[in-house]
Amino acid sequence: MLDVLGNLERSHTCGELRETHVGERVVLMGWVAKKRDFGILTFIDLRDRDGITQIVLNEEDAGDAHAKAKSLRGEFVVAVKGAVVEREGTHNPKIATGDIEVHADEILILNDAKVPPFQLEVAGSENLAAEDTRLKYRYLDLRRPQLQNNIRVRAKAVAKIREYFDNRGFIEIETPILLKSTPEGARDFIVPSRIHTGKFFALPQSPQILKQLTMISGFDKYYQIARCFRDEDLRADRQPEFTQLDMEMSFVNREQVYREMEGMFNHVLRLIDVELPAEWPRMTHVEAIRRYGSDKPDLRFEMELKDLSPELKETDFAPFADTLAKGGEIKCIVVKGKANYSRKQLDELQEFVKRYGAGALAWIKDSAPGQKDERGLAYEAGSGMAAITTTSLKALDVELIQNLVNKAGAKPGDAVLIVAGRKSVVAAALGALRNEVARRENLIDRNAYKPLIVTEFPMFEHDEATDRYDAAHHPFTSPMDEDLDLFKTAVENDAEHHLLGQVRAKAYDAVINGYECAGGSIRIHQKDIQALNFKALGLSPEKARERFGFFLDALEYGTPPHGGFAAGIERTCMILCGTENIRDVMAFPKTASAQDLMMDSPGDVDSSQLGELGIKVVE
RNA sequence: GGAGUCGUAGUUCAGUUGGUUAGAACGCCAGCCUGUCACGUUGGAGGUCGCGGGUUCGAGCCCCGUCGGCUCCGCCA
C-alpha cells in the first residue's frame, strides 16, 4: 500500500547536504537510484535533480522503516525523514554529498514504478541503450544527469538572452504561429482552416516579415524567443521545429548589429566561464571560402586550403589540365605528420570527398628522410630534400611535385591531400575534408571557443537547373552600397543578368567553432530597391504583390533603415553543452524521419475531423 | 529522392566455414549477508535472432525485399 504525502514538506534536495548539516533532521524526496541490502542494514541511493544522497536504514534503530526499505525497487518515489550523520571513515568522494549520510527513521513510499526498459544509471556513457528505446521512454532518459544538465543549461541560456536584450532596451514581442504560406525558402508546415474550408495557414519558418513590421511600427528594438518550423529533412543539428532568438533594430548599420551579436553570445558563453573577445574577428565570405572552403569555418585548428592551380597551369596530367581548362581549380590541405597515411586510410578519405562531388583525391606523402620511397625517387637524408612518395600522381615529374609541396607549405613527414574540380566542389570537398581530418587526428582543442563573423555574403545563388538567381539569404536582404550600381545594371539589362552572381549583400553570420550560430542582414527599406530585387529574383510585380502585398504596402509608409539577426538556440546550447547532437539539448526531439517515438506522432486523425476541414486523404 | 551503417534476452554485446540445446555481462526475481556506494554470495526466470520471402537436408549467419534507429549527400530563402 502506498503512502500519502500529506502536509510533509521537503527540507533539502538530494545534492545539498554537507558536513555543516550534521545533526539536523531533514526530509528528502526523490527516486530510488540504487538499493544495497545487507540484511539488517540497508543503503538507499536517493536521487533527485540535484544529486544523490545515501540513506541508511538499520533494523535495530528503525525496524518499520527498514522493513519498508526492503520492499523498495528502482525508481520508486519515496520521502525519507531522518538525521544527517557524518560518515565514519567511509566518505564517498564520487558524490557531492559523500561526506554525510542520512540515517532514516521513517520512509514514505509515495509511488512505485515498473522496472525501467533500460538502465538509467550505467557506468560509462558509452553503453547507453539504443537511442530509439530511449526516445520512446524520453521521460526516463531525461532523468539521466547528463540530459538534466543540458536542459537546465538551455533554460539558463534563454534567461541570459532575455536578460541581455531586456537590459539593452529591446522589447519582446510575440508574433503569430498561424501565418500565411510564402513559397520561397523551406517547405512550410501547413495548417488547414476550418472556418475557411480549403484554405491553409502556414507555420513560420521564421518571423522574418513580422519582425520587420515591428520596425515599421516604430518599436525600434524588437526581440523574441521564437519557435520556427521547416518541413525539410533532418540532420544531427537540425529538427523540424526549433527555437530562434530573433531580433531586429532600426537606424543601424552592420557594425551595430555585430555588436549585439557579440554582446549577446559573450553574455551567454559566460555561463560556461568562457570569455570571448569583445570584438570578434571578421572575415568576408570570399575569404572564408578561399581559406577554409566553408562559410562557417572552424577556427580551432589551422589546416588552411592552399591553391595549387598556378603551379599546375602547364601540366599535361589530364585530370588537372582539364579542370583548369574548364575554369576549375586545384587546391589542397596539408595534414601534419601524416605521410604515414596508409593506402586504406587515403581510400577512405577519397570516398569521403566523393560525397561532395569530387572526382578523386590525389595525395603527396612527403616522407621524412630515411623513409622508404615507393616510387624509387631516392633523395638522400641530409640533402635538404625529403623523399616524396605519391601513388596517384606518378605522372607528375619530381620537380613539379617538389614545387607543389613547397607551395602547400608541407614539411617532411606531412601528407598533402589534393582535390581538383569546379570551385564550388573543391571548396565543399576540401572544407569538409578539413573538418573530417581534424576530427580523426584529434586536432580540435575541446576547450577552445573560436568565434567569427562572416560578412559580405553573396546576394544571390545561381540555380543551375533553372538558370535563375535565388536569394541567398532572403528576398528582403539589402545589397551592399558599393554594389548598388552593379545590382541595378544586372537587373535592368538582361545581357548583364549574370552579374547578379557578383553582388554582395549586407548579410552576415555568427560562427562559433564551425557552427553557424546566428545569421542576419540589413534589410531593404526602400520600395524601389525592393522592387528591383523582386525583378532580379524573377518575381513579376503581380506575383510579388500577390505574395508580399501587405509588406510592400507597409514599406511605403515610412520604413526606417533596419536590420537584425536570428540565432539558433539549439546550436548555441550544443556549444554550451559540448555535444554534437541537437537531440541532446531538446527535451522532446524527433527522430531523423521526423517522428516522435514517445507520442507516436504524426498520427491519424478522426475522419470527422478531416470532414470538418474539407480534407480527403488520397492513397 | 540517394548513400553508408546498425538491428540477437529488459539493456549492452559475442555468436567461427551454414550444422545438434543461441551465449556473456549488467538488469530482473527469490534466499543469505552490519558499512556498502559498480556491495558480495547462492539459486532462478527470461529469446518471433526487426519483419516477409527465397536458397539449402539444415539459416542468427547466404540472397531478395521491407520496416526502424543513426550519420551523410540532395534539401534547409
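Small disclaimer: the values here were computed from a predicted structure and weren't measured. So that the names make sense, note that chain A is the first sequence line, chain B the second, and so on, each numbered from 1.
Taking atom C1' on both nucleotides, B:rG46 is separated from B:rA25 by 15 Å, rounded to a whole Å. Separating the P atom of B:rC6 from that of B:rU16 is a span of 15 Å, rounded to the nearest Å. With C1' as the reference atom, B:rU11 and B:rA38 are 16 Å apart, rounded to whole Å. Spacing of C1' atoms, B:rU17 relative to B:rU12, comes out at 28 Å, to the nearest Å. Between B:rU66 and B:rA24, the two C1' atoms lie 32 Å apart (nearest whole Å). B:rG4 and B:rC64 are spaced 12 Å apart, taking the P atom of each and rounding to whole Å. Nucleotides B:rU8 and B:rC70 place their P atoms 16 Å apart, quoted to the nearest Å.
Proximity note for A:F118 (side chain, C-beta onward) versus B:rU11, B:rG74, B:rU36: the nearest is B:rU11. Set against B:rU36, B:rC72, B:rC70, the side chain of A:Y356 has B:rC72 as its closest nucleotide. Candidate nucleotides B:rG35, B:rC37, B:rC33 were compared by shortest atom distance to the side chain of A:D37, and B:rC33 ranks first. The nucleotide whose nearest atom lies closest to any side-chain atom of A:K34 is, among B:rC70, B:rC76, B:rA38, B:rA38. When each of B:rU34, B:rG35, B:rG10 is scored by its nearest atom to the side-chain atoms of A:P117, the top-ranked nucleotide is B:rG10.
The side chain of A:R73 contributes an N or O atom lying less than 4.0 Å from OP1 or OP2 of B:rA30. The phosphate of B:rU36 has neither OP1 nor OP2 within less than 4.0 Å of any side-chain N or O from A:R36. In this structure, A:T90 does not reach the B:rU36 phosphate: none of its side-chain N or O atoms is under 4.0 Å from OP1 or OP2. Side-chain N/O atoms of A:N58 include none lying less than 4.0 angstrom from OP1 or OP2 on B:rG35. In this structure, A:R583 reaches the B:rU71 phosphate: one of its side-chain N or O atoms is under 4.0 Å from OP1 or OP2. Taking side-chain N and O atoms only, A:K94 has a distance below 4.0 Å to OP1 or OP2 of B:rA38. Put simply, A:S593 has a side-chain N or O that comes within less than 4.0 Å of OP1 or OP2 on B:rG69.
Within 3.5 Å, no donor on the side chain of A:Q595 pairs with an acceptor on the base of B:rG69, nor the reverse. Between the side chain of A:R238 and the base of B:rC75, at least one donor-acceptor pair of N or O atoms lies under 3.5 Å. For B:rG35, the base has no donor-acceptor partner in the side chain of A:E88 [N/O atoms by modelled type, under 3.5 angstrom]. Residue side chain A:D132 does not reach the base of B:rG7 through any donor-acceptor N/O pair under 3.5 Å, judged by distance alone. A:R235 contributes no side-chain N or O that forms a donor-acceptor pair with the base of B:rC70 under 3.5 Å. Judged by distance alone, with hydrogens and angles left aside, A:R230 brings no side-chain donor or acceptor close enough to the base of B:rC76 to form a pair under 3.5 Å. In the interface, the side chain of A:E59 is not paired with the base of B:rU34 through any donor and acceptor atom under 3.5 Å apart.
Counting only heavy atoms from C-beta outward, the side chains of A:D188 and A:Q205 approach each other to under 4.5 Å. Two residues are said to be in side-chain contact when any heavy atoms from C-beta on lie closer than 4.5 Å; A:L346 and A:L417 meet this criterion. A heavy-atom distance below 4.5 Å is found between the side chains of A:R440 and A:L349.
The stretch residues 502-527 of chain A has no heavy atom under 4.0 Å from RNA chain B, so no residue of it qualifies as close.
Rounded to the nearest 0.5 angstrom, A:D509 CG and A:K296 NZ are separated by 8.5 Å.
If you check B:rC37 for Watson-Crick or wobble pairing at under 3.5 angstrom, you find it has no partner at all. Across all strands shown, B:rU17 forms no Watson-Crick or G-U wobble pair with both distances under 3.5 Å. Across the strands present, B:rU5 finds its partner in B:rG69; the criterion is a Watson-Crick or G-U wobble pair with both atom distances under 3.5 angstrom. When Watson-Crick and G-U wobble pairs are counted only if both distances are under 3.5 Å, B:rA25 pairs with B:rU11.
Looking only at atom types and distance, the side chain of A:H462 has no donor-acceptor partner in the side chain of A:D470 under 3.5 Å away.
Salt bridge status for A:R439 with A:E436: present, with a side-chain N to carboxylate O gap under 4.0 Å. A salt bridge is absent between A:E19 and A:R87: the closest approach of a Lys/Arg side-chain nitrogen to an acidic carboxylate oxygen does not fall below 4.0 angstrom. Checked for salt-bridge contact, A:D37 and A:K70 meet the test: a charged N lies under 4.0 Å from a carboxylate O. Taking 4.0 Å as the cut-off between side-chain N and carboxylate O, A:D233 and A:R238 do not count as a salt-bridged pair. The existence of a salt bridge linking A:R144 and A:D141 is confirmed by a sub-4.0 Å separation between a basic side-chain nitrogen and an acidic carboxylate oxygen.
Residue A:L140 contributes atom CG, which lies 18 Å from atom P of B:rG27 at whole-angstrom precision. Between A:L433 atom CG and B:rC72 atom C1' the separation is 15 Å, expressed in whole Å.
Stacking between A:F38 and the base of B:rC33 is absent under the criterion of ring centres within 5.5 Å and planes under 30 degrees.
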